[in-house]
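The structure appears below as structure tokens.
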Amino acid sequence: MSGPVDPVTELRAAVISCVEDLRGGSLEGGGVPSLERPPKAEFGDYSTNAAMLLAPVLDRSPREIAEELASKLSETLSDRIERIEIAGPGFLNLFMSDAWYRGTAAELAAAGEDLGRPPQGVGGTLLIEFVSANPTGPLTAAAGRHASYGDAVARLLEFTGTRAIREYYMNDMGAQMERFGLSIAARMKGEGVPEDGYEGDYVVEIAERLVADGMGADDPNALSLAGEEIIVSGIKDTLSGLGVEFDHWSSERALHDAGSLQRALDDLAEHGHIYEKEGATWLRSTEFGDDKDRVLLRSGGEPTYFLGDVAYHRDKLERYPEATLFDVLGADHHGYVSRIKASVEALGFGDDRLEISIMQLVNVVEGGEKAQMSKRKGEFVTLESLIEDIGPDATRFFMLQRSNDTTVDLDLDLARQTSSDNPVYYVQYAHARISSILRKAAAEGAAAPDAGGFEGGVDPSERQLIKRIAELPAEVLEAAERRAPHRICAYAMATAADFHAFYRDCQVVGAEGDGVEASRLALCGVTRQTLATTLGLLGISAPERM
RNA sequence: GCCCCCGUAGCUCAGUGGACAGAGCGACUGCCUUCUAAGCAGUGGGUCGCAGGUUCGAAUCCUGCCGGGGGCGCCA
């Protein structure tokens, strides 16, 4: 027997059914009763606010309703519940029995690799566009945040039954590519870079490579194309090093050459949302909530960056008619959100087809000092050097640890430490420690893991650990729906902490008592699976030895 | 001026209506003949930016203000 299980939701279902009984009808409107871990152990294992929510509906006092709910729940849960207390303004505090803990542990163990997978997944298709850094230079450390985030969201959704597609969009057209080509040409001739050119040393390296390939400095356009090829191949290598692989690389130039920009323009014209003014072609984006209308074709006739982006979104929407688009943008692009949403609507697609997350900035901190970041000046920490410095696992963990709308201060001194101070190693260490126990058990011919096969008491540390693991499906669902992988980081750390406490209190191999060793080995196995799964969702390795 | 994000412990941050507000780091104190001390336990530390409002209940929702960051091009 295996498959997704969700013990907390099962318990919640029991509460809801009792509430519906008492109310004499289904729960529409009103709130859904909570079922949560109370702040203090003295408040039991789980608590619910059901009686407080019911009070205004039934027009009776919360404590009175709580009494009735408690007796109904006791009946429904029978030997799974030890006792129910009524506290505070009308909370029902549930104290679960050893039988429930044993049953839950057995259920979790039976889930195998499906442990933590929410039984009711999210479904659908999400096309995630992320990183999409310009192909005029190597990826910066900040791109590592986008890469880690987009990939982790994709992994989370895949785990919940959603098809995730990863795309990278290259703005390989226009003025910046010209400046890039001119910068390479200047370096070939040994000259200083032109105004607004790219000053980084990598441009010198590219120039040297292209000279070696026999290229001349007289065709900046050709140089920019050749330079782009080198840059993009480097970007792919860097992302691979982080464990991020894209399904599709879209190119603005390719879209342009295929006539997609023109088609997008025709589409918008057909829908009646464009007009001419001062020689330029505009999108009436204000009609869809944007601050001002936006230029699609300049008065010279060249397309703007924005038109390319409109064409790209149209292309995505048509390639995957079932998909929701998800754009991961940097904080410096937030002004872009309303216009791109407007364009999607102007093309006749529903506004629920596009979702956008804004990533706040990344500061790399060393010795308490923030490193400067300027791509054009060539002063920045590259993602490649960051990965080389602290490794892909620490890079991902530190980038993912914070919610996307807060700035990340990546402390290199901390990230470099291979000690308990470093949260990555803390979690990985727990996984390695369990692996070591299981190795020892195998070597010493310990009992086969069996979560439910004993009648003794369950240790408080075991209870804590089982409860934590039982929360995983809800945690995964929440993180997936809210596109919030940082919750998984916090969850993984909490699970590791619970395991270390269990390790302190409970001997596993050679434990005294009938079936105790077998049940603890099973709990170790379930914990290891939990850590492996959560680390996997973050794209971080789960080592067997450290 | 307008728009977006943030303001919670010394530092970095969790916590999008529930019970006396949490974690990691830093500081201080203990614990390795015992399954990995990359670990555990304990101590100290906060007017949740300020002021109103909604609610039985607000760090959380609403309004105003203060402080920090980012953005407001026929650049990308």
Side-chain angles (χ1 to χ4, degrees), chain A residues 31 34 36 38-40 42-43 47-49 52-53 55-56 61-62 87-91 93 134 136 171 173-177 179 196 252 277-282 291-292 294-306 308-309 330-338 358-361 363 365 368 398 401-411 414 417-430 432-441 443-444 446 482 486-487 489-491 493-494 496-497 499-501 503-511 520-521 524 545-546:
Chain A
S34 68
E36 54 188 14
K40 288 250 175 188
E42 61 195 82
F43 295 144
S47 71
T48 175
N49 63 356
M52 280 129 76
L53 292 180
S61 91
F91 286 104
N93 292 334
N134 294 334
T136 53
N171 294 115
M173 248 178 72
Q176 61 172 350
M177 294 308 290
R179 285 201 295 267
D196 288 332
E252 184 181 11
K277 190 178 89 181
E278 295 161 8
T281 304
W282 299 69
D291 296 347
K292 51 182 102 167
R294 308 292 173 177
V295 171
L296 295 166
L297 287 179
R298 287 174 231 169
S299 46
E302 312 90 53
T304 58
Y305 162 88
F306 178 51
D309 226 13
D332 54 341
H333 280 69
H334 97 258
Y336 216 70
V337 171
S338 52
I358 297 293
M359 305 299 293
Q360 293 299 322
L361 305 175
N363 295 313
V365 180
F398 277 86
Q401 212 182 354
R402 304 300 175 215
S403 135
N404 64 292
D405 51 22
T406 190
T407 307
V408 163
D409 284 323
L410 200 162
D411 184 342
L414 176 62
Q417 283 182 48
T418 54
S419 76
S420 60
D421 299 344
N422 188 331
V424 194
Y425 294 111
Y426 182 77
V427 176
Q428 291 183 321
Y429 180 69
R433 207 177 207 187
I434 298 169
S435 301
S436 165
I437 293 173
L438 297 179
R439 276 196 301 274
K440 179 175 163 135
E444 298 189 1
R482 284 166 58 170
H486 73 278
R487 292 177 149 266
C489 290
Y491 176 86
M493 283 195 280
F499 176 77
H500 290 309
Y503 176 89
R504 174 198 68 222
D505 294 339
C506 301
Q507 183 70 26
V508 178
V509 178
R520 287 182 179 166
L521 281 170
C524 284
R545 297 170 201 273
M546 287 173 76

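Since the structure is predicted, the reported quantities are computational estimates derived from the model, not experimental observations. In what follows, every chain begins at residue 1, and chains take the letters A, B, ... in the order their sequences are listed.
Rounded to an integer number of Å, the gap from CG of A:Leu521 to C1' of B:C35 is 10 Å. Spacing between atom CG of A:Asp291 and atom C1' of B:G73 amounts to 14 Å, rounded to whole angstrom units. Here the C1' atom of nucleotide B:A76 and the CZ atom of A:Arg294 are 14 Å apart, to the nearest Å. The OH-P distance, from A:Tyr503 to B:U34, rounds to 10 Å in whole Å. Rounded to a whole Å, the CG atom of A:Asp332 is 15 Å from the C1' atom of B:C3. Rounding to whole angstrom units, NZ of residue A:Lys440 and P of B:C35 are separated by 6 Å.
Minimum interatomic distance between A:Tyr426 and A:Ala496 (heavy atoms only, all atoms of both residues): CE2-CB, 3.7 Å. Among all heavy-atom pairs drawn from A:Val509 and A:Lys440, the shortest one is CG1-CE, 4.1 Å. The heavy-atom pair separating A:Leu297 from A:Val295 by the smallest distance is O-CG1, 3.4 Å.
For the P atoms, the distance from B:U8 to B:C28 is 25 Å, rounded to whole Å. When the C1' atom is compared between B:G46 and B:A41, the two are found 24 Å apart, to the nearest whole Å. Going from the P atom of B:G49 to that of B:A21 covers 15 Å, rounded to whole Å. The separation of B:A38 from B:G15, taken at their P atoms, amounts to 31 Å, rounded to a whole angstrom. To the nearest whole angstrom, the two C1' atoms, one in B:C5 and one in B:C20, are 32 Å apart. The gap from the C1' atom of B:A59 to that of B:C40 amounts to 31 Å, rounded to the nearest Å. Comparing the P positions of B:C72 and B:A76 gives an interatomic distance of 13 Å, to the nearest angstrom. Using P as the reference atom, B:C61 and B:U16 are 9 Å apart when rounded to the nearest Å.
Side-chain contact annotation: A:Gln176 with A:Asn134, donor-acceptor N/O pair under 3.5 Å present.
For A:Tyr426, the side-chain atoms get nearest to B:C40 when compared with the rest of B:A38, B:G69, B:C40. Of the candidate nucleotides B:A76, B:C74, B:C20, B:A76 has the atom nearest to the side chain of A:Tyr305. Each of B:C74, B:A41, B:A38 was ranked by its minimum atom distance to the side chain of A:Met546; first place goes to B:A38.
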Item to check | Intra- and inter-strand pairs of RNA chain B in dot-bracket (Watson-Crick or G-U wobble, both distances under 3.5 Å; | for another strand) | outcome: (((((((..((((....[...)))).(((((.......))))).....(((((..]....))))))))))))....
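Between A:Ala501 and A:Glu302, the residue anchored nearer the 5' end of RNA chain B, judged by the nucleotide with its closest heavy atom, is A:Ala501. For the pair A:Leu361 and A:Gly300, nearest-nucleotide mapping onto RNA chain B gives the more 5' position to A:Leu361.
A:Ala331 comes within contact range of the sugar-phosphate backbone alone, with a heavy-atom separation under 4.0 Å but no base atom that close.
For B:G73, the OP1/OP2 oxygens have a side-chain nitrogen or oxygen of A:Lys292 closer than 4.0 Å. Side-chain N/O atoms of A:Arg504 include none lying less than 4.0 angstrom from OP1 or OP2 on B:C35.
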Next on the checklist: For nucleotides 8-19 of chain B, give me one character per nucleotide, 5' to 3': B if any protein heavy atom sits under 4.0 Å from the base, S if the only such contacts are to the sugar-phosphate, - if neither.
Outcome noted: ----BSSSB-BB
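Here the side chains of A:Cys524 and A:Phe499 are in contact, with some heavy-atom distance below 4.5 Å. Side-chain contact between A:Val408 and A:Gln360 is absent, with no heavy-atom pair separated by less than 4.5 Å. The shortest distance between side-chain heavy atoms of A:Val424 and A:Phe398 falls below 4.5 Å. The shortest distance between side-chain heavy atoms of A:Ile358 and A:His333 does not fall below 4.5 Å.
Between the side chain of A:His334 and the base of B:G70 there is at least one donor-acceptor pair of N/O atoms closer than 3.5 Å.
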